Each structure stands twice: as structure tokens, then as C-alpha cells.
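Values in this document were obtained by computation on a predicted structure and should not be read as measured data. Computation of the quantities below employed the complete heavy-atom set of this structure, encompassing side-chain atoms and omitting hydrogens, waters and symmetry-equivalent molecules.
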Amino acid sequence: MDESRDFVQWLGQDMSVKILMCLNDPSDLVRTSAVSRSWRDFVVANGLCKKLCLNMFPEASSFASVVETTDLVEPMGTGRGDSVEWACLEREHRVYASLNRDLITSARENCISDAICASSTDNYPVESIKNTLEPSDRIGHRASYWSSKGASDPSAPETLIYKLASQLCLITEFHVHPFQAYFQFGFPIYSPKAVRLHLGYSITPLESDSEEKDEFVDAKDLYDNKFVWTYSSPEFPMAQENFLQKFELPEPVLCIGGILKVELLGRMQTQDMDGLYYICINHVQVIGRPLSPAFDVEMIDERGKCILKYNPVMACSAPTVEISAESSSRFNRFSDSIRSWEQLILNTFRGAGPVMIDDYDSDYEYLN
């Protein structure tokens, strides 16, 4: 070739999209959009941040649309074709770039924020599901655990329903600790035979805390009317042993709606005084990455379609993390070498000259 060309323009749209979609780190895609104005326009116009999010987290296909909640009016166009259409593409780029960043950088932690209800409770409120929020099997001088009602059928299941810390959580594993009755003869462990996790959302607003009511709300009355489960894990066998047992999901799952159900399948232990089978749980954890309060969802139909809401003001007001000298040095080295990186790519295609870097725009905020 006699003249210098941008390899994105040289290869054409289809091939360039295929190459850029080979990036498996959202930060790399944002860095690509920061190389030049033409590269950024290419990333935005082809919705690459959204496509990458759907590749990594298929559950994101439930997002029917995205909004920035601080937008009072649609931003003016930039002169690139249809101004309204371009404004929508710009908004999707910003929202999905921020979403991708949060999904891979948020700290892993226990995502359960509260207990909603259980399918049965033997002695409410002393043996309430609320007790499973505490890791200890004793609070003061009192045992802390949830207990099902007794059943003559050892295959009778039970369920525990919880609220997550965020409407959007990337779940990777869950932990269940069966309860050992240290106050009964023989120290029996009331473990289920297996467990399974379900993730979903509430169709209607949740009622106030059931512990404020005179009687316990039976979760069986809530299944069909209040909750929709969009994901179910495989069954995991449990050991009849007194320790926190950990179960890793086959793939990380994006929970949209912030509700989870732990299904307890089968019973192992009878109680001497009545000969009935019980399940007793000391503690439950669900490990993942809860997204920042800048993100929210609004369910719009019973098929699980929803609106993804993003508030950039809340994102900017989040506590900042002090960058170490070593991290700062690495970033500076990256900034110094980006032109060399670009030149290497261009040289690969024989004769492609350097692309002028004319705009390191606001996308760089996603790299910090």
C-alpha cells in the first residue's frame, strides 16, 4: 500500500469486529476505544461493549434497554448521521462499559443481605431463617439455627429464600453449614441429602419483615405469586458433617432481580422424641460480586425483560481507592507504550502506517 491506513478501515467492518471481539477483558476494549477518535467511533457504532457483555454474561440479554437516570433530556447529536440514534449508541457504550468494569472488578463477598422466608419453620421465631444469617451456631446462651417442621417422608424438600445485597449480583458459589444439635443425645447433624440454588426476581414488591407479624408467612404461598426463578444450579450432594460446605457453580451467573432460593433436597436425620425427619441449617452464604448502587433494574414483564438503569453520579461519588506507586508506574508504562502497541499491529499488515492519536477521551475514566 502506498499510503498509511488505519487497520480498522483497511480490514473492513466485519473482520475488525471479529478481531476486537477476541478481546476477553473489557478493559482491553475500552483501551482500544481510547486509541483514537476513529477507533472509538467504531467501537460505539458497532456496540462492542454490549456484545462483549452478552458474550461473558448471557443473562444480560434480559436488558430490553438501558437508561442513564440523570438524563433529563436526550443529549444533542454530534453530527454523525442520525443524532438521536448516535446518542443512544453513546449511552449504551457508557453504560455497558461501566457494567463490564463492575462485573469483573467488584470485590467478592457474601451477597446475602436479608432472609425473606422458609418453606416451613418448626418453632418460630426461635428457629427462624433469620438465624442462618449468623455464622455462629450460638448467640449468647441460645442455639442459633433454622429448623424445618418434621416429616415422615425422608424425601420431603425444604426451601430458604433470601434477598441479595444488590439487584445485580454475579454469583460464583454458595455455602451451606448444616446444624449439629449439640444439646441432643448423640449430637445428631440434621443435614439435607443435596442442595440446589435458584436465582430470580420478585414480581411484586416484597412485604415487610415477616418477623413483625403474629404468624410466620409460609413460603409455599409465595412461589407462584411473587417470585420467578430464571436460573437453577445442578444438585450438589451434602455430607452429614458439621462444617461449612462449599459448592461452586459451573459458570458465574448474573442474578438480575436480587432474589435467591436455596433448595434443600432430602433428609438424613430423625429426631428421637418423635421419629420424624428434620433439616436444620446453621448458616448460608452466597458468594459473588454485588454491583455498586449506581446500577439498578426495573422489571417490565413476566418473561424477565427489564430496564437497566445507570446513575453515573452515584458511580463517581463512590469511595475511591488509593492507587499504589507500583500501580501508578504500571499505568504510566502502559500509556507510554500504547503507540508502540498500535504500531506493532499496523506493521503486521504490511505497510499500514501509524494512526494519529487525536483524542484520549473520557473512556479513560473506566481504566482507573
Single-linkage hydrophobic cluster I287~L103, side-chain heavy atoms < 4.5 angstrom: no

Heavy-atom count check: over 12 atoms from other residues, nucleotides or ligands less than 6.0 Å from F185 CZ? no

Closest non-hydrogen atoms of L170 and P252, given as atom of the first, atom of the second and distance, are CD1-CB, 3.9 Å

Report yes or no: do F247 and F179 belong to one cluster of Ile/Leu/Val/Met/Phe/Trp/Tyr joined by side chain heavy-atom distances under 4.5 Å? no

Answer yes if the side chains of N242 and H177 hold a donor-acceptor pair under 3.5 Å, and no otherwise. yes

Measure the OG1-CD1 distance between T159 and I129 for me, rounded to the nearest 0.5 Å. 8.0 Å

Do L160 and I171 share a hydrophobic cluster (ILVMFWY, side-chain heavy atoms under 4.5 Å, transitive)? yes

Are more than 12 heavy atoms, taken from residues, nucleotides or ligands other than E109, located less than 6.0 Å from that residue's CD atom? yes

Exam field: side chain D41 to backbone V44, donor-acceptor pair closer than 3.5 Å: no

Between the side chains of K163 and S113, does any donor sit under 3.5 Å from an acceptor? no

CG on L164 to CD1 on I256, rounded to 0.5 Å: 12.5 Å

Between W229 and F227, is the ring centre distance below 6.0 Å? yes

Heavy-atom nearest pair, P26 first then I104, reads CD-CD1, 3.6 Å

Under 3.5 Å, is there a donor on one side chain and an acceptor on the other for R101 and S27? no

Whether S36 side chain and W39 backbone form a donor-acceptor pair below 3.5 Å: yes

How long is the span from the CG atom in D28 to the CG atom in L20, to the nearest 0.5 Å? 10.5 Å

Provide the closest heavy-atom pair for S233 versus F174 in the form atom of the first, atom of the second, distance. OG-CE2, 4.4 Å

If you measure only the distance, is there a donor-acceptor pair under 3.5 Å linking the side chains of E158 and S119? yes

List in chain and number order the residues that pass side-chain hydrogen bond (donor to acceptor under 3.5 Å, both in side chains) with Y190, two or more places apart in sequence or in another chain; answer none if no residue qualifies. Q184

Does Y96 have R91 sitting over its ring (NZ/CZ under 6.0 Å from centre, angle to axis within 45°)? no

NZ/NE/NH1/NH2 to OD/OE distance under 4.0 Å, K246 and E173: no

Would R196 and L265 count as a side-chain contact (heavy atoms from CB on, under 4.5 Å) here? Give the steps. CA-CA 8 Å; R196 181 166 53 201; L265 305 169; 4.2 Å; yes

Pair Y182 and F187, ring centroids less than 6.0 Å apart: no

E298 side chain vs C306 backbone, donor-acceptor pair below 3.5 Å: no

Nearest heavy-atom pair of Y231 and P250: which atoms, and what distance? OH-CD, 4.0 Å

Are L48 and F63 grouped together when hydrophobic residues (ILVMFWY) are joined by side-chain heavy atoms under 4.5 angstrom apart? yes

Where the side chain of T121 meets the backbone of N123, is there a donor-acceptor pair that is under 3.5 Å apart? no

Is a side-chain N or O of Q240 found less than 3.5 angstrom from the main chain of I189, in a donor-acceptor match? yes

So which atom in I259 and which in I161 form the shortest heavy-atom distance, rounded to 0.1 Å? CG2-CG2, 4.0 Å

Neighbour count >12 (heavy atoms, 6.0 Å) for atom CE, M15: no

Pairwise side chain to side chain donor-acceptor pair (under 3.5 Å) hits with a residue in residues 42-63, at least two apart: Q13-N46

Mind running side-chain contact (heavy atoms from CB on, under 4.5 Å) on L99 and Y310 for me, showing each step along the way? CA-CA 9 Å; L99 177 64; Y310 176 61; over 6 Å; no

Under 3.5 Å, is there a donor-acceptor pair between the D137 and S144 side chains? no

If we ignore hydrogens and angles and just use 3.5 Å, is the side chain of R289 paired with the main-chain N or O of S106 as donor and acceptor? yes

Heavy-atom pair of closest approach, residues G150 and Y278: N-CE2, 3.2 Å

Shared hydrophobic cluster for L260 and M238 (ILVMFWY, side-chain gaps under 4.5 Å): yes

Does a donor on one side chain sit under 3.5 Å from an acceptor on the other, for Y145 and E127? yes

If you measure from CE on M21 to NZ on K18, what distance do you get to the nearest 0.5 Å? 12.5 Å

Closer than 3.5 angstrom, by distance alone: can the side chain of N110 be matched with the main-chain N or O of V286 as a donor-acceptor pair? yes

Is it the case that the side chains of R267 and S148 hold a donor-acceptor pair, with the cut-off being a distance below 3.5 Å and no angle test? yes

Derivation and outcome, side-chain contact (heavy atoms from CB on, under 4.5 Å), residues I300 and I307: CA-CA 7 Å; I300 58 177; I307 298 172; 3.8 Å; yes

Does a donor on one side chain sit under 3.5 Å from an acceptor on the other, for E263 and H198? yes

Let me confirm one number: the CG-CZ distance from L254 to F57, rounded to the nearest 0.5 Å. 7.0 Å

Can a donor-acceptor pair be found, under 3.5 Å and without considering hydrogens, that links the side chain of N100 to the backbone of C49? yes

Around atom CG of D272, are there more than 12 heavy atoms from other residues, nucleotides or ligands closer than 6.0 Å? no

Applying side-chain contact (heavy atoms from CB on, under 4.5 Å), run through L308 and L168 and close with a yes or a no. CA-CA 10 Å; L308 174 63; L168 293 167; 3.7 Å; yes

